[in-house]
Structures are given as structure tokens and as C-alpha cells.
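Only one structure is covered here, and it is reproduced in the block below.
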Amino acid sequence: MTTCCKEFKIKSKIDISREKEKEKMSEIINVEELFASKVFTVAKMKERLPKNIFKEVKRIMDQGGELSLATADVVAKAMKDWAVENGATHYTHWFQPLTGITAEKHDAFVTHPDAEGKMIMEFSGKELIKGEPDASSFPSGGLRATFEARGYTAWDMTSPAFLKEDATGVILCIPTAFCSYKGEALDKKTPLLRSMEAISEQALRIVRLFGNTEATKVIPSVGAEQEYFLIDREKYLKRDDLIFTGRTLFGAPAPKGQELEDHYFGTIRERIGSYMKDLNIELWKLGVTAKTQHNEVAPAQHELAPIYETANIAVDHNQLIMETMKKVAGRHGMTCLLHEKPFAGVNGSGKHDNWSLNTDNGVNLLDPGDTPNANIQFLLVLACIMKAVDTHADLLRQSASDVGNDHRLGANEAPPAIISIFLGEQLEDVVKQLIETGAADHSIQGGTLQTGVSTLPDFEKDATDRNRTSPFAFTGNKFEFRMVGSSDSVADPNTTLNAIVAEAFCEAADILEKADNFELAVHDLIKQYMTEHQRIVFNGNGYSDEWVAEAARRGLPNIKSMVEASSALTTEKSIALFEKFGIFNRVELASREEILYETYSKTINIEALTMIEMAKKQILPAVMKYTKTLADTVIAVKEAGADASVQAQSLKNISEELVRANRALTTLEEKTAGAAAIADQKEKAFYFRNEVFFAMEALRIPVDTLETMVDKTAWPIPTYGELIFEV
Ligand code: ADP
Ligand code: MG
């Protein structure tokens, strides 16, 4: 009787937990209801603002201009009421300093209590549109000395305010630009917004030439595909390199890597699946259109792609995606690594930046239609992009550099460090016709794809196959800039793209607006640009050695590292470009270059110090201890009268490798200390690249070899196998 009852009790407990689990799995997610529930959308503004105020706000959002303080007060109150109804206690001007991530300083809505001690939550128009966060410790490259540290944040009305919810509570976040007292940009958003205005103005001149009188602006659209790694948090916490640098500085390859290609698009495991589900929900609430999710090439690597949107919103949302990825991982006992190369020997992570241009009356300027040869506006746009990318290949390369990306670009997994354009068979053929004869009379068509199975339908093929190895690929109705690093903001690449294409449009419009015979002039110009810049087009395998040689013959730059790429910002060509469109002035560019050098040096310095610490305090001591065990074994086995030659040989080999490791460690220590004597930032960054970085690689080799020689239980940190296969 008792046993029966006990059994019954246990069963029912299991049943309950199973039911709960089932309930959780089948929980209906109402995406339409969830979507943007934490965003102060245009719809919410419309609902909460008096009609005339809403109209004024909307007009400024669409056409630019300044909000009057009286209007700002009304908007601020509506925004605060909505935020407070949703639990907010604080607001923050959310901005993007040159650290590449976001920054926030919270202010509670609390005000001074009245005589009776009652307090009313308030938020004024002034507080909404302008902030002065002090924020003097952000990198400014000499633009602000701390003693004259005024920096202002200003509301970017085109990117909606949203609520961030975490342990701090609920915070109303207002996307803002960040400028110095003198109006110099101290962030990534200001130049991006400036570049969007520039390209809009110049692209409008182009569409006007083709008779489009309706469009009032041209908007760059961006869709950034985000790659990331997920690893177990407990293992992460056992590795100082992951904690301090976001990547592994040591680690021998696991027996299995990505060679079977069984992870790419593979079935998503439960733990990862439940992470992805939570991530999507959080992002949807924030108004981010998380759309595509899949496993990537490397084990433990995944991707999320949102639907494209206006460039500045896409940039803000990419920041939210990265932040949310990290936050949600914690809840699932995992850590999300956004570094470009967390693990040697398997693929790193990038961020494909899909970019295109759309008029506000619905025309995608990069849409060739079915017969591109007859689409003159498209061909002119294409010719201008070829010119822009060829002329400013160095700048584009620079815009995609960060410290981590040095491990990827040109390393046979990511695009080479050489910029080229992939056009695909159809467009390449049209360009060829134009260059050879000055006219293109046909476009290659896709035809039908026959599956050879009677029950499967035959379907229309695209006219062009894909190319996975090009850094800048035409993909249907957009370009896909594939060089960008996974941890980097997409603001710089898009600012650069907008700027260089604006310049080409401007030059074309200058010529064509004056032409007596537009038809003739536009044909001549397309032919001229395509002929002059055809060297930038490459449709072959970008990962091959032949391409590196061929690119050198064509005179295309092959800039190998971030430090070498940085000076592209301050060439006379670059200064002229950015100053012409008011995106950066000479001083802002110089400060940005300076910050890049500083960032590089500081990052490598942290990596080197972490390596030294790990080698000195964890790895070498563990190996020494192991050699002692081996030595004891050798003696004991010998004493017992058995053959100890294997143990002795092992001891000898390990000890020799230990000597090599120790020598490399000493060199790395000396090189790292040597940097202190260098005052000039550029010189220092080159020193870190040419001396310290290579000394780090030299230390890694013997340490990784030791890992393969030492007893697994003696190794002090989780191995690659444990990190990327046991998630
Ligand atoms: P793939 O991995 O096959 O390249 P994904 O679906 O992962 O494709 O990502 C494609 C990205 O391109 C998405 O973010 C998508 O919204 C974006 N995209 C599509 N059309 C445009 C466009 N016109 N402008 C900018 N981005 C676009
Ligand atoms: Mg993708």
C-alpha cells in the first residue's frame, strides 16, 4: 500500500514537470502582438499626441528641421507617460561613442518633492532633445581635452525610442547623436546621418535626370547578417583569454573541426533552439525584425539576419541585436562570443552588410529588372558604384577593419583583404557589351531548372549564380559587403558606402545636368566609367592565390591589417571626399585615425598581457607539475625493473617543448614591455602589429604543442573540443 502511494506520488511529480515542459513548448507566441511592444512607434505617437503636434513631429522626421521646445515638451510628456505605464523609472540618451558599442547614463524621472513631500515623475522637452552626459572618458582622438569636456547628445528622431528591461529595471532609451561643444562628431551616428543626407541629395539628382519628379528623398537600406558563437558559460569562466579578450589565445585543434560540414544549416539542438526562441522574442519586442536563423559553418557558430531597414535604424538595431544576444545567452547558462575569431582553425564570424538605395516613392535603384541592358538608370547607378568602389577601395577596406578582423580578412574563410566587385554572369556580360561596343542589346536570361524528377516542378532560374568569395557582391537588388567584422558597428561601412557613392553620383550629375543630348551623354558616361573601372570587377574565386597575383597586376590595393588600413582616412582623396559632403572634416578624420591606432595598441596589449599571465601562472606550472609526475614515474618504473623508455622519452619531449615555450614567453614579455617607450600612437600601433602580435603567435605554437603532449587531466583550461563541441 505504502509503496504504491509512493510510486503514485513520484509519477505524478514527473507528470507535472512534463506537462509544464509541454506547456512551455507549445506556448503560443503572438508575434504580431509582441512586435514593437517596447517601442514608442510612430503609431503610438499618433495615438498619444494631439493631431497638430503629431503632424509637426512627422514632418520633421520625414523632411528634417527643428522641433520647437513647446512641441518637444508635449512629445516628452507623452513618451514619459507611455514609458511609466510600462514600468520605466529612468530615461537615458542612448549613444554610440567611438568604442564601437553603445553607451548610456540613466536619469530617473524623479523631481524635487513639493512642500508636502509629494513627488511627480517628469520629463521635459529639453531633456528629450538634448543631453550633456559629460562622458569625457570616451575616446575622442584629441578632439576634447578632459578640461574642456563638454559633449552633447541630440535626439535622432528618425530612430524610435524604446524600453530596455533588465536587472536595472525598465529604462526609456532615446537614440541620440553625440557631438563636442564645437559640433565635431564624437560618435558613429552623426557621420552616418550626415552621409545619408549626402547620398539622398545626390541620388535625387540622378533620378530627376530620368524623369522621377515624385521622389523627395533616397534612403539607403541596410540588412546586417550577424554571426555569433555560443559556448557554455562555466567553461567560458575557466578561460581568462575568453574573459579578457573575447577570443582563445591558446588551444590545440580538436580532432574534429568543420571538415564534415555537418554543422552548417544543421538541425538546431534543443539548448540552442531555446536560446534562439528567447532571443527572437526579446528582439521582436524591441521592434527588430529578426527573420532568419541557422547554424553556421563552424561548430557552435550561428547566424541571425533581420529584415533590412533604413540605414541608421539598422545600425541601431544591430547594436541591440548584439547586446540582446549576450544578455539572453546568460539566461541560458551560455556566453555569446561576437569576436571575429574566437577559435583558431575553424571559421570566424563576420557581418554581411547588405546595402541598397530606395526612393521614397518605391524605386530600388539597384534593381536591374529582367533586362538590365535596357535599364539605363540602373546601368548609370552601377557604373557610379564601380567608380566609387574602385576609387575608394582603401577607404572601404578601412571601414571594415577592426582588431579581430585581422584574423579573417585574406585568411581563406572570409573575403580577401583586396576589394573587388562581383557582378555575376548577367551583369558582367552587359558591362562587357557596353565596354566593347558602347551599347548592350541583350541580357542573359536564367532559363528553367530541370530537376529530373517528375514529381518536382521545374522552375525559373536566376540569371546569375552566387559567389561566396567576393568581398562586395551584387546579389539581385543590393550589394552585399562581406568584409565587416562580427563585433563591429555597421555604422562606418555604411557611412563610407554612402559617401563614396554620393561623390560618384555628384560627379555624374554635374556632367549630365549640363549635357545637350542626355541620351548620348549618359551612354558615353556609363561606357567611360565602366571602362575606366573594370579592373575592380572580379567574378572568380576570391580565396585563390591566383587572384592575389592578378589583383596586384591590376594595381588593386591589398591592405593586410587594420593598422595599415587606418591611414586611408586621412589621404587628401579621403579628406576631399568627406569634407565635400560635410560628413567629416580634416580634424575629425585625424582624430578617428588616432583612435584606431590607440584601440589597436590597447587591444593587443591586453591580449599579450593575458597570454603572459595564462602561460606563466596556469599553463607552464601545470606542465612543470606534469613533468614532475612523469619523472617520478620514470624512477619508479625503473626501480621496479621495467622498461621506462616511453615515459622517459615523453618527459624529454615535453621538457624540450617547455623550454621553447618559456623562451617564447620571455620574448613576448620583453616585446610587450618595449611598447611603453613609444610615444607616437601610429608608431606604437605598428610596433604592436609587427613585434608583439608576432611574438604572441610564436608563444602559441609551443603551448598548443604541449597541450597535445600532456595528460588531458593535467591541462588547466577547457580544450577546443570541450568548448565548441560540448555546448
Ligand atoms: P544570405 O545569407 O543568403 O545572404 P540572408 O537572408 O541571411 O541571406 O540575409 C540577407 C539580408 O539582406 C537580410 O538582412 C535582408 O533583409 C537583406 N536585404 C534584402 N534586400 C535588401 C535591400 N534591398 N537592401 C538592403 N538589404 C536587403
Ligand atoms: Mg545569411
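Start at 1 and go down the list; that is how both ligands and their atoms are numbered. From a predicted model like this one, the values you see are computed outputs, not experimental measurements. Position 1 is the first residue of the sequence; numbering continues from there.
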Examine the side chains of Y228 and S486 and answer whether a donor and an acceptor come within less than 3.5 Å of each other. no

Ligand 1-proximal atoms of S221, by part, heavy-atom distance under 4.0 Å: both

Could you tell me whether K291 approaches ligand 1 through its side chain, its backbone, both or neither, with non-hydrogen atoms closer than 4.0 Å? neither

Under 3.5 Å, is there a donor-acceptor pair between the Q293 and H302 side chains? no

Short version for E303: what comes under 4.0 Å of ligand 1, heavy atoms counted, is side chain

Side-chain H-bond candidate by donor/acceptor type, D394 with Q398, under 3.5 Å: no

If we only count N/O pairs under 3.5 Å, is N354 in contact with ligand 1? yes

Polar contact flag, side-chain donor to acceptor under 3.5 angstrom, Q96-D316: yes

Closer than 4.0 Å to some heavy atom of E480 - which atoms of ligand 1 meet that? 4 (O)

Applying a strict 4.0 Å limit to heavy atoms, is K478 in contact with ligand 1? yes

Do Q301 and N295 get their side chains close enough for a donor-acceptor pair, meaning under 3.5 Å? no

Within the structure, does P306 bring an N/O atom to less than 3.5 angstrom of an N/O atom in ligand 1? yes

State whether a side-chain donor-acceptor pair under 3.5 Å links T289 with E309. no

Indicate whether the side chain of D488 and that of N405 have a donor and an acceptor atom separated by less than 3.5 Å. no

Which ligand 1 atoms does I307 reach within 4.0 Å, using its non-hydrogen atoms? 16 (O)

Pick from E225, E296, R468: the one approaching atom 8 (O) of ligand 1 most closely through a non-hydrogen atom: E225

Could an N or O of ligand 1 be found under 3.5 Å from any N or O of N358, whether backbone or side chain? no

